[in-house]
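Written out below as structure tokens is the structure these notes cover.
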Protein chains: 2
Amino acid sequence: MPTASTRSTPSPTGLQCRMALLGADVRLTPHRREVFEVLASSTDHPTATDVFDRVKARTPSISLATVYNCLEHLTSAGLIKQVHLERGQSRYCANLHEHVHFHCETCGKVIDAHPAADFDPAKFWVLPKGTKVTRMDIAIHGTCDACAAKS
Amino acid sequence: MPTASTRSTPSPTGLQCRMALLGADVRLTPHRREVFEVLASSTDHPTATDVFDRVKARTPSISLATVYNCLEHLTSAGLIKQVHLERGQSRYCANLHEHVHFHCETCGKVIDAHPAADFDPAKFWVLPKGTKVTRMDIAIHGTCDACAAKS
DNA sequence: ATGTAAAATTAGAATCATTCCAATTCTAAT
DNA sequence: ATTAGAATTGGAATGATTCTAATTTTACAT
Ligand SMILES: [Mn+2]
Ligand SMILES: [Mn+2]
Ligand SMILES: [Zn+2]
Ligand SMILES: [Zn+2]
């Protein structure tokens, strides 16, 4: 008869699926789980302190240093993505599908934008022969629907 | 007969042409000229302290605060561009042609990459109806020709 | 030329996201 | 139960950038 200490986790989390899928090996501590859960249930690309505040609601003892640490480990394992806009604080994103970020310069909202079906990015810019491209970082700036409507 | 203090500037600088072209109005102080000259003769996207060091060679009395100030004024007049790569220090670029930046992750070099002739960026990502795009920020990461050859 | 107000320049202090550090606590395997 | 390695913690350190308040320079009117 399973006791509290031996019961298995309630259900495979998105995190576990993700780890299996990616063959990532990070120790899955309770804190890292919490940080991931917060991020996976956010669509607004929170900063480290945003994540800190949200995790704190459920785990008041966690420290900001640990949040930074968790975000760093989850990121380098490829389980989440770090997002940079201009020189603002780093934001984090749990969406692993190929996508870019739209930033509304009026309200500050950051939303995901996915590439159209027929999109091959590498061929649109002229690079010196021999250059190897590994990754592109694309941010689109403008005004979101709601803000555009207001003006 | 023109004296040293009244003689006109030797020749229209790139900066003056640029100002006329853009209808920009910034006071053209000697420091701002120097900062612009340094940038216009660089292809490596120097940081503020890089610019500081280079200007200092010709004008040893200039301060870092002034360099930041000049870069800020030139940027907001649209005479130069500020460049952001990940969370590194801001870099600056005097190339006003539409272009993106290639960053070699091995040697750190940053080079300009211009769009292919038939390029219309706005249509490649799916954005919510009503979104207005004003600008895109694109960085390409990888290995430059020289570094790729070495490995 | 001289005086005046606005703008530029300066050194140094302040800011603030992030990283580092050293001490403590937790975890997993023996 | 021991023990080594990893995670967590609070607080200090870092470093690019911005701010401040004093000084100097500039543009313009007298
Ligand atoms: Mn995203
Ligand atoms: Mn450039
Ligand atoms: Zn908006
Ligand atoms: Zn290189």
Side-chain angles (χ1 to χ4, degrees), chain A residues 4-9 15 19 24-36 38 45-56 58-77 79-92 108 110, chain B residues 3-9 15 19 24-36 38 45-53 55-56 58-77 79-92 108 110:
Chain A
S5 66
T6 59
R7 74 159 138 58
S8 61
T9 38
L15 185 47
M19 288 185 61
D25 69 328
V26 224
R27 277 226 310 233
L28 268 201
T29 68
H31 283 160
R32 288 179 189 173
R33 258 179 229 279
E34 292 265 22
V35 166
F36 177 82
V38 158
H45 301 85
T47 64
T49 51
D50 291 338
V51 172
F52 178 51
D53 292 339
R54 294 176 199 181
V55 171
K56 223 176 175 182
R58 284 201 280 169
T59 310
S61 67
I62 199 170
S63 75
L64 179 58
T66 298
V67 170
Y68 268 107
N69 190 298
C70 292
L71 289 168
E72 142 70 15
H73 279 266
L74 293 170
T75 301
S76 63
L79 300 168
I80 62 175
K81 287 267 192 46
Q82 205 173 24
V83 177
H84 301 293
L85 288 160
E86 311 280 298
R87 297 198 42 74
Q89 351 172 205
S90 293
R91 294 162 166 269
Y92 298 85
V110 175
Chain B
T3 69
S5 65
T6 60
R7 74 159 138 57
S8 59
T9 37
L15 185 46
M19 287 185 61
D25 67 330
V26 223
R27 256 174 38 185
L28 268 201
T29 67
H31 283 158
R32 289 179 188 173
R33 259 179 229 278
E34 292 266 23
V35 166
F36 178 82
V38 158
H45 301 84
T47 64
T49 51
D50 291 337
V51 172
F52 178 52
D53 292 340
V55 171
K56 224 176 171 180
R58 283 201 281 168
T59 309
S61 67
I62 198 170
S63 76
L64 178 57
T66 297
V67 170
Y68 269 107
N69 190 298
C70 292
L71 290 169
E72 143 70 13
H73 279 266
L74 294 170
T75 300
S76 62
L79 299 168
I80 62 174
K81 288 268 194 43
Q82 205 173 24
V83 177
H84 298 124
L85 288 160
E86 311 279 299
R87 293 198 43 75
Q89 353 173 201
S90 294
R91 295 163 166 269
Y92 298 85
V110 175

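So that the names make sense, note that chain A is the first sequence line, chain B the second, and so on, each numbered from 1.
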Atom-pair distance ([atom1] on [X]; [atom2] on [N]), nearest Å:
{"X": "Y68(B)", "N": "dG12(C)", "atom1": "OH", "atom2": "C1'", "result": "15 Å"}
{"X": "L71(A)", "N": "dT18(C)", "atom1": "CG", "atom2": "P", "result": "10 Å"}
{"X": "L74(A)", "N": "dT8(D)", "atom1": "CG", "atom2": "C1'", "result": "15 Å"}
{"X": "I62(B)", "N": "dT25(D)", "atom1": "CD1", "atom2": "P", "result": "14 Å"}
{"X": "N69(B)", "N": "dT9(C)", "atom1": "CG", "atom2": "P", "result": "6 Å"}
{"X": "R27(A)", "N": "dC26(C)", "atom1": "CZ", "atom2": "C1'", "result": "8 Å"}
{"X": "L28(B)", "N": "dT9(C)", "atom1": "CG", "atom2": "P", "result": "11 Å"}
{"X": "R87(A)", "N": "dC16(C)", "atom1": "CZ", "atom2": "C1'", "result": "12 Å"}

Which of these nucleotides, dT10(C), dT17(D), dG10(D), is closest to any side-chain atom of H31(B)? dT10(C)
Nearest to the side chain of R32(B), heavy atoms from C-beta on, is which of dT9(C), dT8(D), dT17(D)?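 Of the options given, the side chain of R32(B) lies nearest dT9(C).
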5'-most by nearest nucleotide on DNA chain D - S61(A) or T47(B):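 It is S61(A) whose nearest nucleotide is closer to the 5' end.
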Within the structure shown, what part of the strands sits under 4.0 Å from T66(B) by heavy-atom distance: base, sugar-phosphate, or nothing? base
Looking for any heavy atom pair under 4.0 Å, which part of the strands does S90(B) touch: base, sugar-phosphate only, or nothing? sugar-phosphate
Pairing partner of dT30(D), by Watson-Crick or G-U wobble and under 3.5 Å for both distances, is dA1(C)
Is there a Watson-Crick or G-U wobble partner for dT30(C) with both distances under 3.5 Å, and which nucleotide is it?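 When the pairing criteria are applied, dA1(D) turns out to be the nucleotide that pairs with dT30(C).
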Main-chain N/O of H84(B) paired with R87(A) side-chain donor or acceptor, under 3.5 Å: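 No; judged by distance alone, with no hydrogens or angles, the pair does not exist.
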So, Q82(A) and T75(A): side-chain donor and acceptor under 3.5 Å apart, yes or no?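 No - no donor-acceptor pair under 3.5 Å links their side chains.
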Nearest heavy-atom approach of V26(A) to A77(A) is CG2-CB, 3.5 Å
Report, as yes or no, whether the 6.0 Å neighbourhood of atom NZ on K56(A) holds more than 12 heavy atoms from other residues, nucleotides or ligands. no
Output for pair (D50(B) CG, Y92(B) OH), nearest 0.5 Å, gives 11.0 Å
Contact under 4.0 Å: T29(A) side-chain N or O vs dT8(D) OP1/OP2: yes
